[in-house]
Amino acid sequence: MEPAATDCELVESIGGLDRLLAGPRRRGSRIGFVPTLGGLHGGHGSLIETARRDNDIVVVSVFLNPTQFEDPRDLARYPRDLAADRSFTARAGADVMFAPSVEEVYPGGPGIVTVDPGVLGSVFEGAARPGHFRGVATVVTKLLAIVSPSSAYFGEKDYQQLVIVRQLVADLSLPVGIVACPTVRDPDGLAVSTRNAFLGPEERRAATVLHRALRAGKDAVRAGTSDANAIEEAMRATAEAESAVALEYASVVADGRLEPLSTVAGDVALLIAARVGAVRLIDNLRVVR
Ligand code: PAF
């Protein structure tokens, strides 16, 4: 049975959000914040539920941030359905849905000052999508300044984004806790993602190889393989056996970091990216030893 919808206030301006949160802020209430691009799905639901458990007030932002889309076609086809997102946030238990316009967040256009994630933003996804993480780091910094939450919730599914957000909060001394939430998967292992909606039935089946490749890498780590190349080869061999999938990278890094490893010691994260037809998918798996 679907959980009952709570009241979820829709706020579209920064001033309106300030007025709504003034009382809770004065009373010292804990404010949990879940930033999203919209197109909400079960992955976002789990972030909202975790924020609900930890906080007095839960704010979800639905803002399709143009500055993190380097490909205009990707931005154009991103789902936009505010009514569906609002009933989703209400059912998931949020109190406020903050859905500002582009002009509200970037009055006068994208700013002159941006947040540069440095080398963290130019590897893996950053190499495939130049400028993407500058857009993410800038909008996350702006949203954290606007909402001023006690804690903000991010999915482990976007591993590199999480590493960058943790680093930016540390380096810019932002007074917010960053909470990482586990990846939500369909029963066949495919990580839940807004992009899955663009997969045809055969592509949807083929896409499950990403999770199988990560598991092959995990099995190699668990079997005691310490050569990072051998672990990556185990992932590659599994992914490349699926002809409908064009592998972009399969890599092993130290958990919480992004530098390539040659020898594995300690906890690691396995990262994978591939194209399935026209859809680019990413996934990852942490192996804690
Ligand atoms: O992960 C996302 O949905 C976006 O990158 C975020 C964090 C909401 C910033 O626009």
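None of the values given here were measured: they were computed from a predicted structure. Both counts, for ligands and for their atoms, begin at 1 and track the order of listing.
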#### Entry: Rounded distance [0.5 Å steps], NZ in Lys157 versus OG in Ser193
4.5 Å
### Task
For the pair Arg77 and Asp71, find out whether any cationic side-chain nitrogen is under 4.0 Å from an anionic carboxylate oxygen.
no
### Query
More than 12 heavy atoms of other residues, nucleotides or ligands under 6.0 Å from CZ of Arg26: is that the case?
no
Please tabulate, line by line, the atom pairs linking an N/O of ligand 1 to a protein N/O at a distance below 3.5 Å, with the distance in Å to 0.1, or answer 'none'.
| from | atom 1 | to | atom 2 | distance (Å) |
| --- | --- | --- | --- | --- |
| ligand 1 | 1 (O) | Gln161 | OE1 | 3.4 |
| ligand 1 | 1 (O) | Gln161 | NE2 | 2.8 |
| ligand 1 | 5 (O) | Gln68 | NE2 | 3.0 |
| ligand 1 | 5 (O) | Gln161 | OE1 | 2.7 |
| ligand 1 | 10 (O) | Gln68 | OE1 | 2.6 |

### Query
Parallel, tilted or perpendicular: which fits the ring planes of Phe63 and Tyr106, with parallel below 30° and perpendicular above 60°?
tilted
#### Entry: Check: His132 side chain, Gln68 main-chain N or O, donor-acceptor pair, under 3.5 Å
yes
### Query
Roughly how far apart are Leu258 CG and Gln167 CD, rounded to 0.5 Å?
9.5 Å
